[in-house]
Amino acid sequence: MALPVLSSSAVKFRRVLAQFPQELSLAFAYGSGVFRQAGASADHGETNMLDFVFAVDDVVTWHMTNLSKNRSHYSFLKFFGPKNISTIQGYGAGIYYNTLVPCNGRMIKYGVISTDALIEDLFHWNTLYVAGRLQKPVKILAQNENSKLQAALVSNLKSAVLASFLMLPESFSEEELFLQIAGLSYSGDFRMIIGEDRFKVHNIVQPNIAHFQKLYSSILQGCPQVVYKHQQGKLEIDKSPEGQFTQLMALPKTLQQQITALVNPPGKNRDVEEILLQVAHDPDCGYLVHQGISAIVRSSSIVQSAKTILTAGAKKSVIYSLKKLYKMAKGELKKPS
């Protein structure tokens with residue numbers, strides 16, 4: 001099954017991409033500079049910062065080439081060379097961001113992640129940082145023929161659906177499902193308390209229902225545990241303990257580990273399957289899944305944010321944080337009805 005790619009006249013994005021080393025296994029643009037969000041003005045997407053992620057097979061070589069082409073993009077860390085930059089990249093979510101970079105008349109932010117680290121996150125939700133971004137609509141700008149990466153991209157979407165099923169009631173709307181999916185990577189993120197618009201998830205989903213449908217419809221239609229009434233935008237799922245156990249057993253490895261850690265008393269070594277069977281019968285099953293996701297996101301978001309001080313430098317870190325606080329304050333003034 002191929003991952004749905006949103007069609008777009010992406011000339012402005014490809015012009016940005018041309019400024020960077022081309023050895024990319026995957027490149028995508030995401031965020032409010034790419035997809036319209038609720039409450040934003042018509043020209044908001046033309047002025048907002050553009051966000052990119054580049055997945056590369058050889059991180060050291062890519063940074064070495066990029067330092068020779070775009071040295072000014074880096075903070076003081078450029079003086080430590082590509083190997084040390086790559087080492088710092090490995091901490092937190094395994095992604096290195098250069099932010100507030102002028103490019104073709106726009107401000108951009110771009111993150112670099114190794115292909116292997118991305119595949120691990122997509123399959124296992126080690127950090128849910130980049131995997132979480134790929135659970136929402138993105139604009140794919142470049143993708144090589146790495147079959148393992150392709151399988152990981154699809155696996156990530158399926159996992160997002162199953163985790164959301166476990167946290168939703170027996171019957172719900174498409175919009176409720178997409179809100180749940182879009183919120184996965186923000187669960188436990190301390191920036192949602194201070195630094196992000198608390199209505200961010202609603203603002204992402206509400207104007208982009210069609211994009212979410214394009215991303216998930218084939219997965220929903222092929223899922224044996226859901227009745228997908230596409231024309232009515234309604235879904236019904238199996239909430240029996242047997243159904244929930246099947247879903248729990250199909251979750252990414254790291255999330256299973258987090259859930260079992262919540263339930264299993266210290267010092268008591270029980271089989272993961274036995275613990276998940278207990279969780280499947282627990283009325284608080286959905287809450288335990290949510291807590292497990294929050295634990296993953298909390299850990300990676302704290303380390304990744306701390307890394308920003310190094311990767312962006314003190315001045316850019318302050319400017320970027322102030323911009324986030326400004327957006328949060330605007331969101332408070334524009335509460336969705």
Side-chain angles (χ1 to χ4, degrees), residues 2-37 43-75 77-78 82 85-86 89 93-119 121-122 129-150 152-153 156 204 208 211 214-215 304 308 311-312 316 320:
L3 183 76
V5 177
L6 301 177
S7 59
S8 167
S9 56
V11 174
K12 61 181 176 183
F13 301 113
R14 295 188 182 280
R15 286 184 63 218
V16 170
L17 205 62
Q19 308 299 313
F20 297 94
Q22 296 301 294
E23 294 75 23
L24 305 170
S25 58
L26 180 71
F28 63 89
Y30 67 95
S32 59
V34 183
F35 294 95
R36 188 176 69 83
Q37 294 192 3
D43 64 345
H44 183 68
E46 299 301 318
T47 58
N48 217 24
M49 184 162 67
L50 295 174
D51 297 301
F52 299 87
V53 167
F54 306 145
V56 302
D57 291 341
D58 186 336
V59 172
V60 175
T61 299
W62 196 93
H63 280 299
M64 181 173 65
T65 307
N66 198 43
L67 279 165
S68 68
K69 289 171 66 77
N70 300 304
R71 192 171 179 81
S72 64
H73 294 184
Y74 291 81
S75 68
L77 291 176
K78 58 176 167 275
I85 286 172
S86 301
Q89 177 178 315
I95 187 166
Y96 186 103
Y97 271 104
N98 284 325
T99 190
L100 294 174
V101 173
C103 184
N104 295 341
R106 294 285 294 271
M107 280 292 180
I108 71 166
K109 176 179 75 176
Y110 64 94
V112 183
I113 187 170
S114 79
T115 307
D116 287 343
L118 175 58
I119 288 171
D121 196 31
L122 291 167
Y129 201 86
V130 181
R133 279 150 179 73
L134 284 161
Q135 290 163 358
K136 296 176 272 291
V138 302
K139 289 193 184 297
I140 303 290
L141 305 178
Q143 185 176 353
N144 67 13
E145 295 182 0
N146 184 327
S147 59
K148 190 174 182 182
L149 175 58
Q150 178 65 28
L153 288 163
N156 179 48
I204 289 170
N208 294 297
H211 292 318
K214 185 168 186 178
L215 200 55
Q304 192 64 36
T308 301
T311 60
K316 281 187 177 181
Y320 185 69

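Annotation: side chain of Asp57 is not in contact with side chain of Glu23 (no heavy-atom distance under 4.5 Å). Looking at heavy atoms from C-beta onward, Tyr97 lies in side-chain contact with Val53 at the 4.5 angstrom threshold. Looking only at side-chain heavy atoms (C-beta outward), Val16 and Asn104 come within less than 4.5 Å of each other. Using a 4.5 Å heavy-atom cutoff, the side chains of Val34 and Phe28 are not in contact. For the pair Leu26/Thr115, no side-chain contact is recorded, criterion being any heavy-atom separation below 4.5 Å from C-beta on. The closest side-chain heavy-atom distance from Gln143 to Leu153 is below 4.5 Å.
Atom-to-atom distance recorded for Lys78:NZ and His73:NE2 is 10.5 Å, nearest 0.5 angstrom. A distance of 13.0 Å separates SG of Cys103 from CE of Met49, quoted to the nearest 0.5 Å. One finds the NZ atom of Lys12 at 6.5 Å from the CG atom of Leu50 (value rounded to the nearest 0.5 Å). In this structure, the separation between OH on Tyr30 and NZ on Lys136 is 10.0 Å, given to the nearest 0.5 Å. The distance from the CD1 atom of Ile108 to the CG atom of Leu17 is 9.5 Å, given to the nearest 0.5 Å. Here CG of Asn98 is found 8.0 Å from CD1 of Ile85. Values are rounded to the nearest 0.5 Å.
Between Pro82 and Met64, the closest heavy-atom pair is CB-N, 3.7 Å. Residue Gln37 comes nearest to Ser32 through the heavy atom pair NE2-CB, 3.5 Å, listed as atom of the first residue, atom of the second, then distance. Of all the heavy atoms in Phe35 and Pro137, the pair that sits closest is CE1-O, 3.2 Å. Nearest approach of Lys69 to Pro21, heavy atoms of both residues: CE-N, 4.0 Å. Heavy atoms only, all atoms of each residue included: Val59 and Gln89 are closest at CG1-OE1, 3.4 Å. Of all heavy-atom pairs between Val138 and Arg133, the closest is CG1-O, 3.5 Å.
In summary, the side chains of Tyr110 and Asn66 do present a donor paired with an acceptor at a separation below 3.5 Å, with no hydrogens or angles considered. A donor and an acceptor atom, one from each side chain of Asn146 and Ser25, are nowhere located under 3.5 Å apart.
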Could you go through the side-chain contact (heavy atoms from CB on, under 4.5 Å) check for Leu122 and Leu149 one step at a time?
CA-CA 9 Å; Leu122 291 167; Leu149 175 58; 3.9 Å; yes
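In this structure, the side chain of Arg36 does not engage the main chain of Asn208 through any donor-acceptor pair within 3.5 Å.
Ring pair Tyr96/Tyr74 is tilted by interplanar angle, where 30° to 60° counts as tilted. Ring orientation note: the planes of Phe20 and Trp62 are close to parallel, at an angle under 30° on the 30°/60° scale.
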